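Worksheet for the structure shown next.
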Amino acid sequence: MTYCLIRLTFSSDLIQYHIMPLSMLNIGDIRHVNKIHGKDDTRHFLESLGFVAGTTVSVVSECDGNLIVNIKESRIALSKLLASKIFVS
């Protein structure tokens with residue numbers, strides 16, 4: 001029996017464009033808002049806080065999945081549930 005080991009490497013450019021929920025980011029990560037999921041009133045609420053497509057967002061702090069983020073020169077606290085509705089790339 002022959003085994004073949006394959007080593008996969010990823011370019012940082014490739015990872016940068018991967019779309020994921022904001023709730024999956026680490027402290028210090030900087031991404032751009034891609035899309036907001038959820039009901040209309042949830043989307044409108046998040047948009048009123050500045051979470052619109054193309055806006056830069058960075059994670060300042062995390063505690064039990066809840067986040068404090070910087071967006072448009074403001075710090076905003078988000079529950080894990082709300083953060084999971086914001087997709088970034």
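What you see is a predicted model; the values in this text were computed from it and never measured.
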Identify whether [X] and [Y] are in the same connected component of the hydrophobic contact network (ILVMFWY, side-chain heavy atoms under 4.5 Å).
X     : Y     : answer
Leu81 : Met20 : no
Val69 : Val60 : no
Met24 : Val57 : yes

Give the minimum heavy-atom separation between [X] and [Y], together with the two atoms involved.
X     : Y     : value
Ile30 : Thr56 : CG2-CG2, 3.5 Å
Leu25 : Val88 : CD1-CG2, 3.9 Å
Ile71 : Val33 : CD1-CG2, 4.4 Å
Ser23 : Lys80 : CB-O, 4.2 Å
Ile19 : Ser89 : CG1-CB, 3.9 Å
Lys85 : Gly38 : CD-CA, 4.4 Å

Would you mind reporting whether [Y] and [X] have side-chain heavy atoms less than 4.5 Å apart?
X     : Y     : result
Val59 : Asn26 : no
Val52 : Lys72 : yes
Leu67 : Leu82 : no
Ile86 : Leu78 : yes

Rounded to the nearest 0.5 Å, how far apart are [atom1] of [X] and [atom2] of [Y]?
X     : Y     : atom1 : atom2 : result
Ser58 : Ile27 : OG    : CD1   : 11.5 Å
Ile36 : Arg43 : CD1   : CZ    : 9.0 Å
Thr55 : Glu47 : OG1   : CD    : 10.0 Å

Partners passing salt bridge (charged side-chain N to carboxylate O under 4.0 Å, His left out) against Asp64 (at least two apart in sequence or in another chain) | none
Would you mind listing every ring pair (Phe, Tyr, Trp, His ring centres under 6.0 Å) that reaches into residues 39-69, with sequence neighbours excluded?
-> none
